[in-house]
Student: 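Sending over a structure as structure tokens; questions will come in a sec.
This one's a predicted model, so the numbers in the text were calculated from it and none came from an experiment. All ligand and atom numbering here is 1-based and tracks the order in the structure.
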Amino acid sequence: MEKLVGYQPGGHHPIHLGDELCNGRFRVIHKLGYGGSSIVWLCRDQSQSNPTYVAVKILVAHLQEAECRELRVFQDQNLHHLSRYFCLPKEQFTSESPNGTHLCLVLPVLGPTVNHAAWIFNEERDPDGIMLRQVSRSLVEAVASLHSYSIYLRPANVVLELQSLDGLEENQVLEKLGEPKTRSITIREDSNPTPDVPHAPKYMVQQVDFQETTDLGLILPRAVIIDFGQAVKMAVEQPPFGIPTDYAAPEVIWKRSGGREVDTWSLACTLYEVRVGKHLFEVPHLVVLDEDDYEYEISSVIGERMKELGDGSVNTAAAAGQICKRAFGDDVTAEQGQWAEMLAGLLRYEPHQRPKVQELLKNAWFDTP
Ligand SMILES: Nc1ncnc2c1ncn2[C@@H]1O[C@H](COP(=O)(O)OP(=O)(O)OP(=O)(O)O)[C@@H](O)[C@H]1O
């Protein structure tokens, strides 16, 4: 659950199940997730006579429209024809709470984060790995299409598509997703602000746990990128380097710089996560990052930078072997080796040695039956 401390002036909007937003149009029925700057709620759109559901992302009050990157990048670009790959706001409105005025984005309802793909499309459901390959391909296509519009993305936050819930009665939706579980919060009598002006809700709601869904068929093998926190238009904006360390390319950590090749590195990390359900790199990171820890972690997979070959590359066969070991242990199939080699080809110290994302779609692994 989100941290309670986030409920204070400028912070999260206190919300309870059954609350109505946007002049009664949206009624909250479950929670879908939360991030550092928002909470995402599953809502019924009461303006439609047929049961219709949307995700409403309610931003913290201190974030104003001008700072909302997903709105800026995509309004400028008019890229709505790419919505199959990206979670784009359909509408927006504002909502008042004791914590301020909150920008709310109305989004399509999506499924679990991509690190769940490996157990959802497990060997029993997907013996030939076709669905995992479909998820991976859609992720590569998404990044490639953004690059063709000169937008950097840093793919770190990706979810799986969900079959539409529209048409289902609310009880059927909750049967499939699980009833919301809540945890009550006690506001002390002597609290400041007083309990009469609560900055926190009376209870917090646990987000949908897709591991408990009764209908795995709801979750589709297609990746949708939801995190535009790092999306920037090339040549117009300086790239922000708030990318999570586990997905950050060496030039981001060591030089605080980087171009589109930074996405290629992040993409390799996310493709690993799709298949294995875990981060490829797990760099210890408490308050401040120790660059030695970063170097140790990446070199334990892709080899030391000092051991680069004459042309500046590293030994990708050895790197592929290490990726396989992390992912599957010692017993590895030819197909797994091919997949690891593809990833190793993306994880190069030198940005110019990473292939273009568009080229990656030609990799034979995507065609493996
Ligand atoms: N359209 C959606 N449908 C279903 N779940 C969603 C949707 N959008 C976001 N989520 C869920 O909510 C979580 C938080 O969303 P998101 O990452 O967009 O929030 P954020 O506040 O912008 O994150 P941060 O600022 O920490 O990067 C996601 O990890 C995902 O689980």
Student: Against heavy atoms of S37, which atoms of ligand 1 measure under 4.0 Å?
Tutor: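 Contacts of ligand 1 toward S37, numbered from 1: 20 (P), 21 (O), 22 (O), 25 (O).
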
Student: Looking at R354 and E251, does any basic side-chain N land under 4.0 Å from a carboxylate oxygen?
Tutor: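 Yes, charged N to carboxylate O under 4.0 Å.
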
Student: Is ligand 1 under 4.0 Å from a heavy atom in the side chain of C87, in the backbone, in both, or in neither?
Tutor: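 For C87, the contact with ligand 1 is made by the side chain alone.
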
Student: Measure the shortest side-chain to side-chain distance between C269 and F281 over non-hydrogen atoms and say whether it is less than 4.5 angstrom.
Tutor: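 Yes; the side chains approach each other to less than 4.5 Å.
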
Student: Tell me whether the centres of the aromatic rings in Y272 and H279 are closer together than 6.0 Å.
Tutor: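 No, the ring centres sit 6.0 Å or more apart.
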
Student: Is T52 reaching over with its side chain to a backbone N or O of D166, donor-acceptor style, under 3.5 angstrom?
Tutor: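 Not at all, since once roles are kept as given, no pair shorter than 3.5 Å links the two residues.
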
Student: May I ask which of V208, V224, V40 has a heavy atom nearer to atom 9 (C) of ligand 1 than the others do?
Tutor: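 Looking at heavy atoms only, V40 sits closest to atom 9 (C) of ligand 1.
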
Student: Near Y34, which atoms of ligand 1 are under 4.0 Å from a heavy atom of that residue?
Tutor: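 Close to Y34: 12 (O), 13 (C), 14 (C).
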
Student: Mind checking whether F26 and W41 have ring centres under 6.0 Å apart?
Tutor: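 Judged by ring-centre distance (under 6.0 Å), F26 and W41 do not meet the cut-off.
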
Student: Indicate yes or no: does an N/O atom of Q207 lie under 3.5 Å from an N/O atom of ligand 1?
Tutor: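 No, Q207 has no N/O under 3.5 Å of an N/O on ligand 1.
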
Student: Atom 3 (N) of ligand 1: which of L110, V158, I225 has the nearest heavy atom?
Tutor: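 Among L110, V158, I225, the closest heavy atom to atom 3 (N) of ligand 1 belongs to L110.
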
Student: Please say whether K57 places an N or O atom under 3.5 Å from an N or O atom belonging to ligand 1.
Tutor: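 N/O-N/O distance under 3.5 Å: yes.
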
Student: Where does P112 meet ligand 1, judged by heavy-atom distances below 4.0 Å: at the side chain, the backbone, both, or neither?
Tutor: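 Within the 4.0 Å criterion, P112 makes no contact with ligand 1.
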
Student: Using a plain distance cutoff, I'd like to know if A55 has any nitrogen or oxygen under 3.5 Å from a nitrogen or oxygen of ligand 1.
Tutor: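 There is no such contact.
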
Student: ring-ring contact (aromatic ring centres under 6.0 Å, His included), that's the test. Do H12 and Y7 meet it? Break it down for me.
Tutor: CA-CA 5 Å; H12 288 306; Y7 288 99; 5.5 Å; yes

Student: Is it the case that the side chains of R133 and S138 hold a donor-acceptor pair, with the cut-off being a distance below 3.5 Å and no angle test?
Tutor: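 Short answer, no.
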
